[in-house]
Amino acid sequence: MHAYTEKIREAAQRLLTEKKVDAVIGFRHGTVPMMSEPVCVRHADQVHQLVWNGFCGINLANYLAKRKDRVAVTAKGCDSRNIVIHLQENQIRRDQVYILGAPCHGMVDRRKVWEFLKGREPLQVMENGSSLKVSGKGFEEVLERQAFLQDNCRICTHRNPVIYDELLGDPVPEQTDVDRYEDVRRVEAMDSEGRWRYFNDLIASCIRCYACRNACPLCYCPTCFVDESRPQWVGKTLDPTDTRTFHLLRAFHVAGRCTDCGSCERACPMSIPVRQFTKKLEKDVKELYGYEAGVVVEGRPPLDTYRPDDPQDFIK
Amino acid sequence: MNAWEPKIIAFLCNWCSYGAADLAGVSRLQYPVNIRIIRVPCSGRINPKFILGALRHGADGVWVSGCHPGDCHYIEGNYYARRKFALLKSLLEHTGIEPGRLHFSWISSAEASKFAETAREVVEAVRAVGPARHFIKTKPTWDDIEAPVQAACQVEVG
Ligand code: SF4
Ligand code: SF4
């Protein structure tokens, strides 16, 4: 994957010097291991900051909505799908974005590595093909990368960008034998009370910081429903009903749009698996309307269209 | 004192189901009194927030009724609504709201008897699941806040 770094720098250099774009959005090393952070490079002499590694899990499409300038952006499969959604929803024009497509092997979940280390602090994490070398004070571990992927990456079926201007490497084989909804079905099998409790426990530690919303490229409304005050549909307290209202509405607002990029979960400081809400909707949308978000630019998102013969067994 | 009666919020489209409710009344058709009607311009006007809002305020059930597909006053409002409702109902039930609390129907303004019949069905279904227990936002009342403060003051003053 590190091979992409050179390609990204080269492309950034070229695009900025030729004035094809005003900025390049990519990643640079974070201040601690396993935390690559987004960076917006505007000058050719700063392209050396750009890197690519297995910790670039943040969805960069988040920085594209409502932009006025022209930008280049590195895009994994999921990012590219969110760019498609931005195009469908007129958040940016195609000629404003230059997409550096990054075929992806899945991103590493830093929390899984931390958990494995049981309190030992990683000072350096190196990637080498399919392994991760984690070292710190008095220890060195070699981990199998695949076992430490983000949950959403494990079940990802769109690792290759669906839209791009140039590819940073050869397309990677798509995973075909994954069961995307195993967890959703497990919850579906519970009784009502069990499901209520399951989600109660799930969001019990939510501190309403809205990091999940802020990390999501789909959440670009000028005024989020959580900030509305007249009327106020959801209270700002940590009352469990308010918290659940927030989670239900957040999930509903991304229904038929969520690409399961995992940025929300990744951003949550309380490690709440918020994708449990969005995945149910994703599954329903697929089953009811046969739609997968952000795969093709043509057509409308499922809640922005209808078919006269849509299923309606639930209506009297 | 155990005569609990379900409280149901009904969002009725002005152009059909609301008219049907009116016609049911004019025609002296009997239907249970457990529904509180809120008139909306179209079933497409229903924002999921309204439904959550009703539940948060302690409604035992919510019933949304609009025009039959193809009959929407605004041509296609109910078609969009149908997709929203399907996903919302599924999401709410997936997260633990009992099936039987949320109801949807298409009732034209001429279908007074379908209105009365559906009202009975909805009320019975909600009665069967019982009083709402989940997803109710309870505000602390003034007494909750004031009483302890006063008690503390009393102690201090002696
Ligand atoms: S809801 Fe989460 S997984 Fe879905 S697009 Fe937004 S950040 Fe990505
Ligand atoms: S990021 Fe986590 S803690 Fe913050 S609002 Fe979202 S779910 Fe709650």
Side-chain angles (χ1 to χ4, degrees), chain A residues 184 187-188 190-200 202-203 225 228 231-235 237 239-249 251-253 255-256 276-285 287-289 291 301-316, chain B residues 43-44 47-53 55-58 63-66 68-70 72 76-107 114-115 117-119 121-122 125 129 133-140:
Chain A
V184 181
V187 179
E188 282 169 348
M190 301 176 189
D191 64 358
S192 234
E193 195 57 29
R195 293 198 293 264
W196 177 267
R197 276 202 308 272
Y198 173 82
F199 282 96
N200 244 19
L202 196 100
I203 56 175
F225 66 91
E228 286 172 345
Q232 190 184 53
W233 294 102
V234 44
T237 68
D239 174 276
T241 306
D242 282 335
T243 302
R244 189 178 283 242
T245 309
F246 163 65
H247 282 280
L248 291 171
L249 284 174
F252 195 78
H253 286 181
Q276 289 306 308
F277 289 91
T278 50
K279 276 184 82 188
K280 167 65 178 166
L281 286 158
E282 179 193 310
K283 175 170 179 277
D284 283 349
V285 165
E287 282 170 5
L288 292 170
Y289 312 118
Y291 191 87
L303 285 181
D304 191 28
T305 184
Y306 63 87
R307 275 196 315 261
D309 60 346
D310 278 335
Q312 58 166 5
D313 321 331
F314 68 99
I315 300 177
K316 291 188 218 309
Chain B
S43 50
N47 189 313
K49 292 167 181 168
F50 301 174
I51 296 177
L52 295 186
L55 296 173
R56 283 166 56 89
H57 281 90
W63 173 25
V64 181
S65 190
H68 288 273
C72 177
E76 51 184 15
N78 53 358
Y79 283 125
Y80 290 109
R82 185 166 59 181
R83 286 196 164 193
K84 283 194 278 183
F85 297 159
L87 294 176
L88 183 70
K89 182 168 161 49
S90 174
L91 177 66
L92 291 185
E93 291 176 1
H94 183 70
T95 54
I97 300 290
E98 301 92 333
R101 292 213 189 275
L102 296 175
H103 296 269
F104 300 88
S105 63
W106 303 139
I107 298 175
K114 179 172 178 186
F115 180 85
E117 195 182 311
T118 313
E121 251 178 65
V122 168
V129 268
R133 289 166 302 139
H134 297 318
F135 206 62
I136 303 169
K137 170 78 187 274
T138 43
K139 270 204 208 106

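Order of the sequence lines sets the chain letters (A, B, ...), proteins ahead of strands, with each chain counted from 1. Quick caveat, the model's predicted, so the values are computed rather than measured.
- For the atom pair NE2 of B:His134 and OG of A:Ser192, the computed distance is 7.5 Å after rounding to the nearest 0.5 Å.
- Only the side chain of B:Leu52 comes within contact range of chain A, with heavy atoms under 4.5 Å apart.
- Contact count against chain A (heavy-atom pairs under 4.5 Å) is highest for B:Leu88 among B:Leu88, B:Val122, B:Thr118.
- With a threshold of 4.5 angstrom between heavy atoms, A:Glu188 approaches chain B through its backbone and through its side chain.
- Residue B:Thr95 touches chain A through both its backbone and its side chain, counting heavy-atom pairs closer than 4.5 Å.
- Considering only heavy-atom pairs separated by less than 4.5 Å from chain A, the leading option among B:Glu98, B:Arg56, B:His94 is B:His94.
- Looking at A:Pro231, neither its backbone nor its side chain comes within 4.5 Å of chain B, counting heavy atoms on both sides.
- Atom-to-atom distance recorded for A:Leu288:CG and B:Arg82:CZ is 11.0 Å, nearest 0.5 angstrom.
- Taking the six-membered ring where the residue is Trp, B:Tyr79 and A:Tyr306 present parallel rings, their angle staying beneath 30° rather than reaching 60°.
- Ranking B:Gly70, B:Ala86, B:Gly53, B:Pro99 against chain A, the residue ahead of the rest is B:Ala86, based on heavy-atom pairs under 4.5 Å.
- Shown here are the ring pair (Phe, Tyr, Trp, His ring centres under 6.0 Å) partners of A:Phe246, two or more places apart in sequence or in another chain: A:Tyr210.
- Heavy atoms closer than 4.5 Å to chain B are found in both the backbone and the side chain of A:Arg307.
- Interface remark: B:Lys84 contributes backbone and side-chain atoms alike to the contact with chain A (heavy atom separation under 4.5 Å).
- At a 4.5 Å heavy-atom cutoff, the contact between A:Thr237 and chain B is made by side-chain atoms alone.
- Salt-bridge annotation for A:Lys316 and B:Glu117: absent, with no side-chain N of the basic residue lying under 4.0 Å from a carboxylate O of the acidic one.
- Distance check, rounded to the nearest 0.5 Å: CD1 of B:Ile97 to CG of A:Leu248 gives 7.5 Å.
- Ranking A:Val234, A:Val184, A:Ile315 against chain B, the residue ahead of the rest is A:Ile315, based on heavy-atom pairs under 4.5 Å.
- Put simply, of A:Asp239, A:Thr245, A:Leu281, the one with the most heavy-atom pairs under 4.5 Å next to chain B is A:Thr245.
- B:Arg83 is linked by a salt bridge (Lys or Arg N to Asp or Glu O under 4.0 Å) to A:Asp310, counting only residues two or more places apart in sequence or in another chain.
- Taken from CD in A:Gln312 to CG in B:Asn78, the straight-line distance is 9.0 Å, to the nearest 0.5 Å.
- The distance from the NZ atom of B:Lys49 to the CD atom of A:Glu228 is 3.5 Å, given to the nearest 0.5 Å.
- Distance check, rounded to the nearest 0.5 Å: NZ of A:Lys280 to CG of B:Leu87 gives 9.5 Å.
- Classification of the A:Phe314-B:Phe104 ring pair by plane angle, with boundaries at 30° and 60°, yields perpendicular.
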